[in-house]
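Numbered from 1 within each chain, the chains take letters A, B, ... in sequence-line order.
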Amino acid sequence: MDKNKKYLITSALPYANGALHLGHLSGAYLPADIYVRYLRLQGRDVAFICGSDEHGAAITIRAKKEGISPKDIIDKYHSLNKSTFEKLGISFDYYHRTSEKLHHETAQGIFKKLLEKGGELEEKTTEQYYDEEFKQFLADRYITGECPKCGHSEAYGDQCEKCGSTLSPTELVNPKSTLSGNTPILKKTKHWYFRLDKHADWLRDWIKNGMLDGKQHHDSKTWKKHVVGQCLSWLNDKEGLQPRSVTRDLDWGISVPVEGADGKVLYVWFDAPIGYISSTRQWALENGKNWEEYWKQGPDKLELVHFIGKDNIVFHCIIFPAMLKAHGEYALPMNVPANQFLNFEGRKFSKSKGWGIEQHEYLEEFKDFPNKEDALRWALIRNMPENRDSDFKWDEFVDHYDKDLADNLGNFINRVVVLTNSYFEGKVPAAAIADDEAAFIEKLKPVKKLANSVIDEIEKFNFRAAAAALMELSSWGNQYLQDAAPWAARKSDPDAEIIKESLFVSLQTVAALSILCEPFIPFTSLRIRQLLNLPKAKNGILELVEAKLKLGKPLIPVGHKIGKPAILFAKIHDRKDKSRLEIIERQKAKLEAVLAAEKANERPPIKPETTFDDFTKLDIRTGTVLTAEAVPKTKKLLKLTVDIGIETRTVVSGIAEHFKPEEVVGKKVLLLANLAPRKLRGVVSQGMVLMAEDAEGKLGFVSAGEAWGNGLTVR
RNA sequence: GGCGUGGUAGCUCAGCUGGUUAGAGCGUCGGAUUCAUAAUCCGGAGGUCGAGUGUUCAAGUCACUCUCACGCUACCA
């Protein structure tokens, strides 16, 4: 640990197209905040950087749909996300936005540098769809058409939301521009591609061994296994890294700073991570700092850490580093401690299904819940998806709050404050060990040890373990007080030394807790400090605490007058006051309502009207499955032979995840017999077996019944 | 299908380079205690370490096969 190092800590830039839920918070923002607050307590020079990612086609499409401007959308979510983070105590030094001029200049500057350097960007001309009426090229999301895979009539140019296939616009059947509704034409367009493929070798050495330019950059063992694993999986892929297009034909974004590139913008993935840089620049500008010290120094002078969710690993560990290295002047991240995903009561968060809770919703729903910010932070920390997916449950929220914060931490502090007030008029007692450094050190050894383990775990990005160590410290306090039992000593001798000593030690422990808990539960830290009548934990105080514990100096001096007892955490399970429990119960009831509603309806809407003529074009026949076998090297496909009376058909069907081959043999089915044959994985499929599908995607066979023969028509 | 990560007490998780009776917290059961928010403290019960095979004097820890979960990637009616 070098005190002279600069620390640049970033959290993933939220896309300004929606609100963030608890999973985002626990994945990328809360861990970063803990780390940053810790660094500040240690007196380190740190910049905590974030901002809104405001470009990309998704925003323009939504704007179009809702009849508003992209600016309306990004303004709305920029301010919502920014203010929500503030309320939850996420202590960004700067929360910028990529629509700012400074960002546009920064991104263009980097693009130009790469272009001038040569060899990093290459031009390629391809054919893309163009809307003649609107006179513009169409981004993938601006084109809809029939999905070639499932036939869904409103698939987008990049993917079909019905079957989840990844598509390219030219695959769509009957493509339509969402702008004019016309059929677009193919037209040539020029784009720039970043030669990612040229960077594979050094990236591999950097990720695997932590080596950069022949020098040790970081210790790769300190990176999370799933992070290194996924990167190497990419780097070792037999296809290898491919050049990636960095520009698009779009009117929303950062214009490509090249002559004759009108109507072209930087692809959002290229400009978004550069947002970290522009955000730092803006922060430096407003705070009299030199931004380059936070981006352009060697690993001995600067530590860059990206906090992200696992969906962003490849971007932050491969693509962005490659961009920075290609540019040549920027530092690469020292670590990218990506978290996995947080589920919510056993399922993925889903806005459309109403599953989960967004950050601002939580604040609203819990507005009458005292200390709601720390209650949430604590529950999320205790269950952070650090190495595997985890699950947020209200019952655990309650447990963590009551057991840890109220019973353990809160109650310990309360015991100490009450005893100090009733035995010593609220003053830190003059225990003999207060002036005896050796004895002090000996008595407070466990405090020092546990404080060190909190620190150690934070440094290793093990925030769950750090939080557990914090609880151990408060547990130790409870245990110590119980053993010392000043209330018992007082009965026989009111002046017994153990009474003074035990409270002196306990008060030192509370003082240590008030600081050590700050990264996790900052609002509570402040309240404990107030209870002790001490000022807010300020930057650098933790290194003083470490020094004092080492030298045997009190953290809170003899004679210091503390405040009156006050409850820090009112329990949720409280026999006198049900109000907090009611808030929780309301949340649980909401989830049950969602589940009930799902069971009740949840049927896809009726498709657009069709004609009898169209229907009669379909030749549907009754049939019986004769044989079934898995198609090799596929997960979903079964090769079936179906007897339809007049002949036997070979059909490839995507049902292998639902049925084993032997379960299918002998099934009565309906077969669409005049579907154009299509080759799938080398097998020609002559028809399609009709299936019913439920809301969870489960499939069921459809047939005319056991008694029916094969080859009969359906009408 | 390929790749990655994970599968350890009822629940949430620790277990570094293989080495004595596999750990913690919560829950549970029993006891102590009263300064305290039905809080605290002490003690007990509870695990064939996903399944199997192998390497080894010795495997939760290494290798192989299988299985389940999650993700990336390919393919997909």
Task: ring pair (Phe, Tyr, Trp, His ring centres under 6.0 Å) partners for A/Trp378, two or more places apart - done: none

Open item on the list: Suppose we screen for ring pair (Phe, Tyr, Trp, His ring centres under 6.0 Å). Which residues come up paired with A/Phe366, at least two apart in sequence or across chains?
Closed with: A/Tyr362, A/Phe369, A/Trp394, A/Phe397

Short N/O separations, protein against nucleotides 41-45 of chain B, under 3.5 angstrom:
from, atom 1, to, atom 2, distance (Å)
B/C42, OP1, A/Gln479, NE2, 3.4

- [ ] Go through B/C35, B/G27, B/C72 for me and flag the one nearest to the A/Lys403 side chain.
- [x] B/G27

With rounding to whole Å, what would you report as the distance between [N] and [M] at their [atom1] atoms?
{"N": "B/U33", "M": "B/C42", "atom1": "C1'", "value": "10 Å"}
{"N": "B/G15", "M": "B/A24", "atom1": "C1'", "value": "11 Å"}
{"N": "B/A69", "M": "B/C62", "atom1": "P", "value": "23 Å"}

For RNA chain B, what residues of [range] have any heavy atom nearer than 4.0 Å?
{"range": "residues 485-500 of chain A", "value": "A/Trp487, A/Lys491"}
{"range": "residues 310-321 of chain A", "value": "A/Lys310"}
{"range": "residues 372-382 of chain A", "value": "none"}

Task: Residue pairs passing the side-chain hydrogen bond (donor to acceptor under 3.5 Å, both in side chains) test where at least one lies in residues 218-229 of chain A, sequence neighbours excluded - done: A/His218-A/Trp223, A/Lys224-A/Asn339, A/His226-A/Gln340

Open item on the list: Show every side-chain hydrogen bond (donor to acceptor under 3.5 Å, both in side chains) that has at least one partner inside residues 463-481 of chain A, sequence neighbours left out.
Closed with: A/Asn408-A/Ser474, A/Asn408-A/Ser475, A/Asn408-A/Asn478, A/Arg415-A/Asn478

Collect all protein-nucleotide pairs involving nucleotides 14-17 of chain B in which both atoms are nitrogen or oxygen and the distance is under 3.5 Å.
from, atom 1, to, atom 2, distance (Å)
B/A14, OP2, A/Arg388, NH2, 2.7

- [ ] Assess whether one donor atom and one acceptor atom, taken from the side chain of A/Asn411 and the base of B/A39, lie less than 3.5 Å apart.
- [x] no

Open item on the list: The criterion is salt bridge (charged side-chain N to carboxylate O under 4.0 Å, His left out); which residues satisfy it with A/Glu386, sequence neighbours excluded?
Closed with: none

TODO: Runs of at least three consecutive Watson-Crick or G-U pairs, both distances under 3.5 Å, are what I'm after; which ones involve RNA chain B?
DONE: B:1-7 with B:67-73, B:10-13 with B:23-26, B:28-32 with B:40-44, B:50-54 with B:62-66

- [ ] Kindly write out the residues that satisfy side-chain contact (heavy atoms from CB on, under 4.5 Å) with A/Leu690, not counting sequence neighbours, or none if the list is empty.
- [x] A/Ile620, A/Leu670, A/Leu672

